[in-house]
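What follows is a short report on a single structure.
Reminder, nothing fancy here: chain letters follow the sequence lines and each chain counts from 1. As a basis for the values below, the full set of heavy atoms in this structure was taken, side chains included, without hydrogen atoms, waters or symmetry mates.
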Amino acid sequence: MKAHKKMWIIVGSLTIISILVYLFFWMVTSPYDLFPDDPIRAIRMREAILNILSRKGIQVLAMIVSAILISSTSLVFQTMTQNRILTPSLIGFDAIFITVQTAIVFLFTSSSIFYLNPYLNFLVATIMMLGVSLLMYRLILRNNRNNIVFLLLVGIILSTLSRSLASFLQTIMDPEEFQSLTIRTEVSISNMNTSIIWIAIPMMLIVLTALTKDLKTYDVMTLGEPQAIGLGVSYSKKMNLALVYIAIAMSVATAMIGPISFLGLIAVNAAREILKTYRHLPLLILSSLIGIIFLVLGQAIIIETGYLTTVTVLISMVGGAYMIYLVLKENRT
Amino acid sequence: MSKSLSLFRHRRAILIVLFGLLVCLSLFVGVLDVSVIDIIEGNPDTWNILWVSRIPRTLAIILTASSLSIAGLIMQAISRNKFISPSTAGTTNAAILGVLLGYLIMGDQSLIIRSIFAFIFALISTFIFMLMLRKIKFKNVIYVPLIGMMYGAMISSIATFIAHRYQALQFLNTIGIGGFSNKAVGSYELLYLVVPGMIVAWIYATRFSIVGMGEDFAKNLGVRYGFVISVGLMIIAIVSSITFVMVGTLPFVGLIVPNLVSYYYGDHVKKTVIDIALFGSVFVLLNDIISRLIVFPYEVSISFTMGVTGALIFLIIIFRRMKHEGT
């Protein structure tokens, strides 16, 4: 870690700058006089500013939590698949999420407590997503040991299946119910579901603690399955556990900021490129920071440029080009 | 040998009977009653319904399904990968991008111009994907289509970016949503353009599977590698762009049909082209009839039905394949 001291300082300060830009840059460009002399207006203005800041603060928090969850689990997922390009978002958690929400509205109507209470709704959605992914793990990994690439393929097909089912339910649903449903299903970075942030943070902490406890094991698992087993790692068990953490993390991130498929790919590969190490601890920290920078700074820039595009699209474009570069480079070495 | 050959014929006969039955069913199912007696008696109203709506619709289904299945077959033969099809290699996404750009450059235009734009982009994108495929070292059967889908996601994000920039998001969302419900006289004839593509595919069938074995191998057998690949890519691009513009996306057809057929008939590409066309038609006809009946007298989009049935069948295929390879 010491060899990269300068780099850590740069990345660390960039992260802080990103957050500050997101929180405060609007003040610079605001057409209003934010600190008027008139005392009554000053009080009102201060209230308005605090209001905006607290909203932005929660948004930043949601983005940070999601970025950390996505980056760190992508890192572990790459270790499990022995591959630098695949990310867990390919499993298609967003499709399962949409289907769960549609099914809730369809079965219990949009006025039910499962739909209206954000915490309960989130819990139901997360448990369902977790259930589906665990079922998939069991079905596939038991018969085909450690074949995660196969798992991904099944995941993609399942997501097409569940998306078709959701669309079907949505077509035959009452139009008003459908309207209220879109609020939940069209979650994206510019339309975050921040109401669940106070349950997302503890979940992130749980996942992170669990992951950090196993980081050394993951270092060994990088060597490959036979080598790791030879060195005394109970490979299948550790992998199944890691997949559970990944499923939890992806469920939380999807419910909060929607699907961002290429973020993990960019963050983890950039971190690998910079650090040139196989140790998971520094990689996890750096990729989380890079993830935060991409997400928060990207969103800040997009807001300031008047929503020229969305950060999801931006990340997909950058990430896609980067992926092609990685695929071609892999061949040369 | 002779036994397997007779079995082979037998299966094709079953397929043809099934096909005939479903065609009849497709002609008779609908809100307006069509009865056999009316047809024989020459009732003008009944004949009108058949002629204007039912026959075009059925023809559209047959053309789309068979050409898409053959395009999938070509793609799988060239890349030697059973999990590749226009929908898992970015071709469909590129067609969407093409239609969007055509709309932005030239405004709302005819279906022919839309198809041309879709064709050009589908061709370029498929070509790039094939180039990438040659560079990929780790040619795991499943890894390659995953890369293809990520590549498709990138193309889609470019389309979203452009659409967002020029306030065309709403238009973007309407591209590719279709189905066969609006197919009547005057709105399906462009689909005939896939017929030459299918004929060429039949002529070149053997050469596609030779090309799939690698450049050196193909050259040793006297097959012009680059030329045959280009012919294949052209057919894929024509078929996927025209069917896409005319009927929208039909998930899984190009993927499942060649897989199922090769499961029952083996990998002899030349022999199976016709079976694949038949099987594809049977599959899509069945799905179309289901979509027409499930909320009768209304219809659901065939994309939903295909998404469900196709996904289930595909899951069964890959589970079988994996079990086979795993043991």
Note to self: Please list all pairs meeting salt bridge (Lys or Arg N to Asp or Glu O under 4.0 Å) that have one or both residues in residues 256-273 of chain A, counting only residues at least two apart or in different chains.
What the structure shows: Arg84(A)-Glu273(A), Glu273(A)-Lys329(A)

Check: Would you say Phe127(B) has more than 12 foreign heavy atoms packed within less than 6.0 Å of its CZ?
Finding: no

Item checked: Residue Met317(A) versus chain B: region with a heavy atom under 4.5 Å -> both

Note to self: Can you pull out every salt bridge (Lys or Arg N to Asp or Glu O under 4.0 Å) where at least one residue sits in residues 282-297 of chain B? Sequence neighbours excluded, please.
What the structure shows: Arg57(B)-Asp288(B), Asp288(B)-Arg292(B)

Checklist line | Heavy-atom proximity to chain A below 4.5 Å, by part of Ile294(B) | finding: side chain

N/O donor to acceptor pairs below 3.5 angstrom from side-chain atoms of residues 150-169 of chain A, sequence neighbours left out:
{"from": "Ser159(A)", "atom 1": "OG", "to": "Ile156(A)", "atom 2": "O", "distance (Å)": "2.7"}
{"from": "Thr160(A)", "atom 1": "OG1", "to": "Ile156(A)", "atom 2": "O", "distance (Å)": "3.1"}
{"from": "Ser162(A)", "atom 1": "OG", "to": "Thr99(A)", "atom 2": "OG1", "distance (Å)": "3.4"}
{"from": "Ser162(A)", "atom 1": "OG", "to": "Leu158(A)", "atom 2": "O", "distance (Å)": "3.3"}
{"from": "Ser162(A)", "atom 1": "OG", "to": "Ser159(A)", "atom 2": "O", "distance (Å)": "3.3"}
{"from": "Arg163(A)", "atom 1": "NH2", "to": "Asp94(A)", "atom 2": "OD2", "distance (Å)": "3.3"}
{"from": "Ser164(A)", "atom 1": "OG", "to": "Thr160(A)", "atom 2": "O", "distance (Å)": "3.0"}
{"from": "Ser167(A)", "atom 1": "OG", "to": "Arg163(A)", "atom 2": "O", "distance (Å)": "2.8"}

Check: For chain A, which residues from residues 86-94 of chain B lie under 4.5 Å away (heavy-atom distances)?
Finding: none

Next item on the list: Mark yes when over 12 heavy atoms from residues, nucleotides or ligands other than Met128(A) sit less than 6.0 Å from its CE; otherwise mark no.
Entry: no

Notebook entry, point to check: Heavy-atom distance under 4.5 Å to chain A: side chain of Met149(B), backbone, both or neither?
Noted result: side chain

Item checked: Nearest-0.5 Å distance, CE of residue Met150(B) to CZ of residue Phe262(A) -> 4.5 Å

Check: Tell me, side chain or backbone of Ile315(A) under 4.5 Å from chain B's heavy atoms, or both, or neither?
Finding: neither

Next item on the list: Can you tell which part of Tyr298(B) gets under 4.5 Å to a heavy atom of chain A, answering side chain, backbone, both or neither?
Entry: neither

Margin query: Can you confirm whether more than 12 heavy atoms, excluding those of Phe304(B), are under 6.0 Å from its CZ atom?
Written below: yes

Margin query: Distance check, rounded to the nearest 0.5 Å: Thr310(A) atom OG1 versus His164(B) atom NE2?
Written below: 6.5 Å

Notebook entry, point to check: Relative to chain A, which of Ile128(B), Thr160(B), Val300(B) shows the most heavy atom pairs under 4.5 Å?
Noted result: Val300(B)

